[in-house]
Amino acid sequence: MKKNVFVAMSSILVLGAALAGCGGGNQAAPADNNAAAGNKTETPAPAAGPKVLKLNLHSEPPTADPGIAEDTTSSTIITATFEGLTRVGKDNKVHEAAAEKIEVSPDGKKYTFKIRDAKWSNGDPVTAKDFEFAWKRALDPKTASNYAYQLYYVKGAEAFNKGTGKVEDVGVKAVDDKTLEVELTNPTPFFLELVAFKTYFPVHQKTVEGNDKWATDAKTIVGNGPFKMETWEHKSKLVVVKNDNYWDKDNVKLDKIEFSMVEDENTELSMYENGELDWAGAPTSALPTDAIPALKESGKMTTQPIAGTYFYRFNTEKAPFNNVKIRKAFAYAIDRQSLIDNILQAGQLPATGYVPPSMALNKDGYFKDKDLDAAKKLLEEGMKEAGISKLPTLTLSYNTSEGHKKIAEAIQDQWKKNLGVDVKLENKEWKVYLDDVHQGKYQVARAGWLGDFNDPINFLEMFKEKDGGNNDTRWENPKYKELLNQSALEQDPEKRKAILAEAEQILMDEMPIMPIYYYTQSWVKNDKVDGVIIDGLGAVDYKYADIK
């Protein structure tokens, strides 16, 4: 997801890890975790009664608006309360959702979606017009959606979003209440997976136009998903309940999901062990890194690799990181494997490229981990080019999380030892952190990206343009942009892969970001919890969850 996954991400950024990615996610902390498996605890099964799943979100969701959300925390809530034309099912495949029938033209550029009989949580019918309105709203420059570029596959979408085209020329049209026609710029093999992503979700037009704050108040959120918002006590608790107006309500087993918002991973684990939570760790939070060895040895912890990358951004418009050699020096001077061995300890892999292994363009990576000789040489050359003899104290920013803090402290120490640079650490609450990064108020900043869909372009396109919604590095390269545009026209899979690999080479040669490790997700859960879907991209869906 989005954007920076809290990890945020997204794609959707990650927990503070999406962004993304569905960046932007956020993904919680360094102990990354994923998948829906089952760990066991001795908590006895509850007596017959309402089925309530108790979880922790780790941090406050910035929004519940599908058109605005850019992190995994927001995405978790949006996936529960909204639904797109398609949805990823128990088999990890894309299935019809709000659309009951889908037709694709022979040239792969025109899609016709037949909207099923379904209702919004307030009882209004869900129509094709809701999708047209939502997509055009997300593209409207006035909306300022950082994920608008995910809609650029639609004909005319990019021009409208950039102010060079008209809204009437965007290739999405509600022919009638039950028929949505979509025209793409080029054939897009993953488009049916893409429309399962939150930026493509419908929104209730009257609700959106009637209240600017609708997406931050449980009383005003109208969704079309398996659950509806009941309570949102900001920075404290969020509760969703089964949506009786949902078209597939018979397959929704839970009566309620209660989300706590506890930032401290040790407190979260204690709550789990005391029976106050049914689940601890990924994908909505993280396990304490100090607890991982014991949890792993006990057999209670589940770990699964996901398509995501933990990295640091450089602000390429601020000295000293406006110098490419200095950026590369800092990237080469860290020991990724030691971070994994001594801090993360959950099977992560050192990242010497940006695109994760499950969709790797270059399996050998683009540089060496802990290449200290090259780092020192590059730093010396970069400082000479910049006309400085000593670097000032630099600031490394991260969102509040014990895991992010430990990684930052270790890298702070490595940079001091290997490059002789003093680094100050700065942590901020997730929403404030996101806002500051977007505004360029940082020098080096923690980030993470979990794939929004299973294709390398989802990772690479976020750095296509300097002002792109999830870029935030202020970096742009004409040849890089040209290659990404070229990849969209190439129908031969191997040739397209080679084009994207060339683009990733440029990204790593100029190093606006510093890859650190490829995510895994780890968690512990109560035996009674069943049916939670966590896909290979790290996204979670509670539609089929159950308490046995």
Side-chain angles (χ1 to χ4, degrees), residues 1-33 55-66 68-79 145-147 198 215-216 232-238 259-268 281-288 308 310-313 395-408 425-442 444-450 469-470 472 519 521 538-540:
M1 161 182 154
K2 161 141 192 90
K3 172 165 193 174
N4 294 336
V5 249
F6 168 68
V7 125
M9 296 251 211
S10 222
S11 347
I12 254 154
L13 289 175
V14 189
L15 187 56
L19 103 227
C22 114
N26 354 327
Q27 230 173 300
D32 316 347
N33 319 293
L55 306 167
N56 183 42
L57 269 183
H58 190 281
S59 62
E60 171 87 5
T63 183
D65 182 346
I68 299 297
E70 56 179 316
D71 64 290
T72 55
T73 305
S74 298
S75 294
T76 295
I77 301 304
I78 289 167
T79 302
S145 170
N146 285 322
Y147 248 130
K198 62 182 180 294
T216 59
W232 191 348
E233 298 175 11
H234 291 280
K235 298 188 178 181
S236 176
K237 181 175 70 171
L238 190 152
F259 294 97
S260 301
M261 297 180 197
V262 176
E263 288 190 336
D264 184 82
E265 291 93 351
N266 288 290
T267 302
E268 176 183 342
T284 60
S285 187
L287 294 171
Y310 189 102
F311 61 97
Y312 281 176
R313 281 185 172 85
T395 301
L396 168 57
S397 304
Y398 61 93
N399 55 293
T400 304
S401 159
E402 184 63 25
H404 298 326
K405 178 183 177 183
K406 288 186 176 183
I407 289 179
L425 303 184
E426 176 182 69
N427 79 291
K428 298 176 183 178
E429 181 265 333
W430 178 232
K431 189 176 187 304
V432 174
Y433 177 79
L434 274 183
D435 290 342
D436 284 353
V437 170
H438 288 333
Q439 293 173 35
K441 297 179 180 178
Y442 77 95
V444 187
R446 186 218 69 80
W449 187 265
L450 302 187
N470 288 329
D472 296 329
Y519 278 111
Q521 288 191 324
V540 62

So, taking the atom named [atom1] in [X] and the one named [atom2] in [Y], what distance separates them when rounded to the nearest 0.5 Å?
| X | Y | atom1 | atom2 | value |
| --- | --- | --- | --- | --- |
| Met261 | Glu60 | CE | CD | 4.5 Å |
| Asn427 | Arg446 | CG | CZ | 12.0 Å |
| Ser75 | Leu450 | OG | CG | 9.5 Å |

Check: Mind checking what makes salt bridge (Lys or Arg N to Asp or Glu O under 4.0 Å) contact with Asp435, not counting sequence neighbours?
Finding: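 With sequence neighbours excluded, Asp435 shows a salt bridge (Lys or Arg N to Asp or Glu O under 4.0 Å) to Lys431, given in chain and number order.
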Quick check: closest heavy atoms across [X] and [Y], and the distance to 0.1 Å?
| X | Y | value |
| --- | --- | --- |
| Thr216 | His234 | O-NE2, 2.7 Å |
| Val540 | Pro283 | CB-CG, 3.5 Å |
| Tyr442 | Asp472 | OH-O, 2.5 Å |
| Ala69 | Ile78 | CB-CD1, 3.3 Å |
| Tyr312 | Ala408 | OH-CA, 3.5 Å |
| Pro288 | Asn266 | CB-OD1, 3.4 Å |

Check: Can you find a heavy atom in the side chain of Thr73 that is under 4.5 Å from one in the side chain of Phe259?
Finding: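 Counting from C-beta outward, Thr73 and Phe259 never come under 4.5 Å.
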Margin query: Could you check whether any side-chain heavy atom of Ile77 comes within less than 4.5 Å of a side-chain heavy atom of Trp232, counting everything from C-beta outward?
Written below: no
Checklist line | His404 and Asn399: CA distance, side-chain angles, deciding distance, side-chain contact (heavy atoms from CB on, under 4.5 Å) verdict | finding: CA-CA 7 Å; His404 298 326; Asn399 55 293; 3.6 Å; yes
Next item on the list: Go through the side-chain N and O atoms of Ser285 and Glu265 and say whether any donor and acceptor fall under 3.5 Å apart.
Entry: no
Next item on the list: Before giving the answer on side-chain contact (heavy atoms from CB on, under 4.5 Å), spell out for His438 and Asn146 the whole-Å C-alpha distance, their side-chain angles and the decisive distance to 0.1 Å.
Entry: CA-CA 9 Å; His438 288 333; Asn146 285 322; 3.3 Å; yes
Next item on the list: For Ser74 and Thr63, indicate whether the former's side chain and the latter's backbone hold a donor-acceptor pair under 3.5 Å.
Entry: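 Side chain of Ser74 to backbone of Thr63: a pair is present.
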Next item on the list: State whether the side chain of Glu268 and the backbone N or O of Gly281 hold a donor-acceptor pair below 3.5 Å, judged by distance alone.
Entry: yes
Residue list, side-chain hydrogen bond (donor to acceptor under 3.5 Å, both in side chains) with [X], at least two apart or on another chain:
| X | answer |
| --- | --- |
| Lys428 | Asp436 |
| Lys441 | Gln439 |
| Glu429 | none |
| Ser397 | Glu426 |

Check: By side-chain contact (heavy atoms from CB on, under 4.5 Å), which residues pair with Ser260, not counting sequence neighbours?
Finding: Asn56, Val262, Met271, Leu277
